[in-house]
Number of protein chains: 2
Amino acid sequence: MAIKERKEREKQEMRNLVIESATQLFLKQGYDKTSIRSIADDIEYSPATIYLYFKDKDEIFYVIHENAFDILDKHLRQHDGIADPFERLRAIGRTYIKFGLENPDYYDLMFIMRAPMEQIKNEEKWKAGECAFGYLLTTLSECLEQKRIRPADLHVTAIMVWSFVHGLVSLYVRERMCILMLPDDTTREVLYSSFDLFMANLKM
Amino acid sequence: MAIKERKEREKQEMRNLVIESATQLFLKQGYDKTSIRSIADDIEYSPATIYLYFKDKDEIFYVIHENAFDILDKHLRQHDGIADPFERLRAIGRTYIKFGLENPDYYDLMFIMRAPMEQIKNEEKWKAGECAFGYLLTTLSECLEQKRIRPADLHVTAIMVWSFVHGLVSLYVRERMCILMLPDDTTREVLYSSFDLFMANLKM
DNA sequence: TGAATATAATAAACACTGTTTAGTAAATGC
DNA sequence: GCATTTACTAAACAGTGTTTATTATATTCA
């Protein structure tokens, strides 16, 4: 009986349709302005239909949140070829910052907004987060082994590195870097200089 | 004619009444659940009355945002007496983190939420932010003068320090530290250890 | 094939939100 | 004492996420 399979496929296609529309609207107008009604309008279905495929708005944005991690992951893995773990760490860090500055809405959803994390509480774990953090852990582990960075606890070091780059990006994304009273491109230069300084301090 | 003065005083008292109620509700239930109607209910006035004293919801939370900076400022100034600028910086940093962990809603409003920054765009500058950042700048300036930290550009160093502590607190406040899969008190210990490591790397 | 059942979609409603408007009652000015 | 200004609010407006009752379509089975 292939009907059940077709139904399942159609269900998945409808979910994709919603996600594609939601992602497009989200990146164009932000989270708040991406209402269930605006998605419904866009895909030419009634708002109630969306609730046949998603539990609530959070579930939609949880999927977008997961997709965003896939995109970031692809960016970060570009540097897998760099043999020196410290230089690899530097490349990963710069790419992380670049991703945040160039995709502020995605970054917001991944690391700042509360909405997607509500979903994770009900599910098992923050799989996407663990994947990205695991990548940082292995890179830092190599750095420590080869004595390229100052010796310290692996997790403490990882939290230090992640917190720093997250701080840079999130202060920028949430418009607190205005205290510098500099034009946008100069502000960005300060951010990257700050990252360089951080890496210099980390180096052994 | 003292009537005008009395009226002005009454106007200010009404504003204070709204702010006090809003602050209390905000710290108890968070931003989203603190609606204009819930404030109006609490102070036993109609919702429309609030709009006679405040332009919109953002203006109310901008005042709370400013008050929160006064509170943080008082905490930070406690360490004015520490002669050694590096040790003063360490004390300021720990107090900043402690403030964030113990007052997550205030911290959110001050450094994460978009709402209060909308107000700042229409006004002149982010006065409260500049005051706090200025305090960091003068402390770091002393550290550099006395060669207690590695030589670098003052503003680049300040952004590095602020971004790091902000990253620590904001990842915690927005529940991303769950990747550590540790109980809450252990997570906090990791944060403080991370801060110690950062300071050790900064030291000359 | 035709009646019974299951699925898919929706219109309308519910309970909220921030904000505005029109109208009322009280305080003030002359 | 009367006209005017001020203080306040009920009701409405335009949204929001979400649920319910109903209809139309598709599938199953006799």
Side-chain angles (χ1 to χ4, degrees), chain A residues 1-19 21-22 25-26 28-65 109 113-119 122, chain B residues 1-19 21-22 25-26 28-65 109 113-119 122:
Chain A
M1 202 118 302
I3 287 175
K4 272 206 172 160
E5 291 163 28
R6 197 205 67 210
K7 290 254 162 141
E8 188 54 42
R9 204 169 56 237
E10 281 175 352
K11 190 151 195 162
Q12 198 45 247
E13 273 168 22
M14 186 61 161
R15 278 180 67 97
N16 289 343
L17 191 66
V18 172
I19 293 298
S21 169
L25 290 171
F26 168 66
K28 202 193 287 173
Q29 314 176 326
Y31 179 84
D32 284 338
K33 283 182 183 169
T34 306
S35 63
I36 299 291
R37 279 172 179 83
S38 68
I39 299 168
D41 259 27
D42 188 53
I43 62 173
E44 295 176 302
Y45 279 85
S46 80
T49 304
I50 291 175
Y51 285 89
L52 299 174
Y53 299 90
F54 293 91
K55 194 183 129 281
D56 52 25
K57 196 185 173 183
D58 279 3
E59 195 182 303
I60 297 171
F61 280 85
Y62 178 66
V63 176
I64 300 177
H65 166 274
L109 198 56
M113 289 180 64
R114 285 226 166 81
M117 300 313 277
E118 291 302 309
Q119 204 67 19
N122 302 340
Chain B
M1 203 113 309
I3 288 175
K4 272 207 170 159
E5 290 162 26
R6 197 205 68 210
K7 290 256 162 135
E8 187 54 42
R9 206 169 54 238
E10 281 176 353
K11 188 150 196 164
Q12 198 45 247
E13 274 167 21
M14 186 63 162
R15 277 180 68 96
N16 289 343
L17 191 67
V18 172
I19 293 298
S21 168
L25 290 170
F26 168 65
K28 201 192 288 174
Q29 313 176 327
Y31 178 84
D32 285 337
K33 284 182 183 170
T34 307
S35 64
I36 298 291
R37 279 173 179 83
S38 68
I39 299 168
D41 260 27
D42 188 54
I43 62 173
E44 296 176 304
Y45 279 86
S46 80
T49 303
I50 291 175
Y51 286 89
L52 299 174
Y53 299 90
F54 294 91
K55 195 182 129 281
D56 53 24
K57 195 184 173 183
D58 279 2
E59 196 182 303
I60 297 172
F61 279 86
Y62 177 66
V63 176
I64 300 176
H65 165 274
L109 198 56
M113 289 180 64
R114 285 226 165 81
M117 301 313 276
E118 291 302 309
Q119 203 68 18
N122 302 341

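In what follows, chains carry the letters A, B, and so on, assigned in the order in which the sequence lines appear, proteins first and then strands, with residues in each chain numbered from 1. The figures here come from the full heavy-atom set of this structure, side chains too, leaving out hydrogens, waters and symmetry mates.
In this structure, of dG17(D), dT20(D), dT9(D), it is dT20(D) that holds the atom nearest to the side chain of A48(A). Minimum atom distance to the side chain of Y53(A) is reached by dA8(C), of the listed dT17(C), dA8(C), dT16(D). Across dG18(C), dT18(D), dA9(C), the shortest atom-to-atom separation from the side chain of Y45(A) is found for dA9(C). With dC8(D), dG17(D), dT19(C) as the choices, the nucleotide that has an atom nearest any side-chain atom of Y51(B) turns out to be dT19(C). Listed nucleotides dT18(D), dT9(D), dT19(C) differ in distance to I36(A); the shortest reach to its side chain belongs to dT18(D). In the set dT19(C), dC8(D), dG17(D), the nucleotide with an atom closest to the side chain of T49(B) is dC8(D). Looking at the side chain of S46(A), the nearest of the listed nucleotides dT18(D), dT10(C), dG17(D) is dT10(C).
Residue R37(A) holds its CZ atom at 10.5 Å from CD1 of I50(A), rounded to the nearest 0.5 Å.
With R9(B) as reference, E13(B) is the one residue of K11(B), E13(B), Q12(B) to meet the side chain to side chain contact (heavy atoms under 4.5 Å, CB included) rule.
For the pair D56(B) CG and dT20(C) C1', the computed distance is 13 Å after rounding to whole Å. Atom NZ in K57(B) sits roughly 18 Å away from atom C1' in dT20(C) (whole-Å rounding). Here dA8(C) presents its P atom at 13 Å from CD of E13(A), a figure rounded to the nearest Å. Atoms CZ (F54(A)) and P (dT19(D)) sit 15 Å apart, rounded to a whole Å. With rounding to whole Å, R37(B) atom CZ is found 12 Å from dA14(D) atom C1'.
Looking at every heavy atom in both residues, S21(A) comes nearest to I43(A) through CB-CG2, 3.5 Å.
Using a 4.0 Å cut-off between charged side-chain N and carboxylate O, K57(B) and E118(B) make no salt bridge.
Comparing K33(A) and E44(B) by the nucleotide of DNA chain D whose heavy atom lies nearest to each, the residue mapping closer to the 5' end is E44(B).
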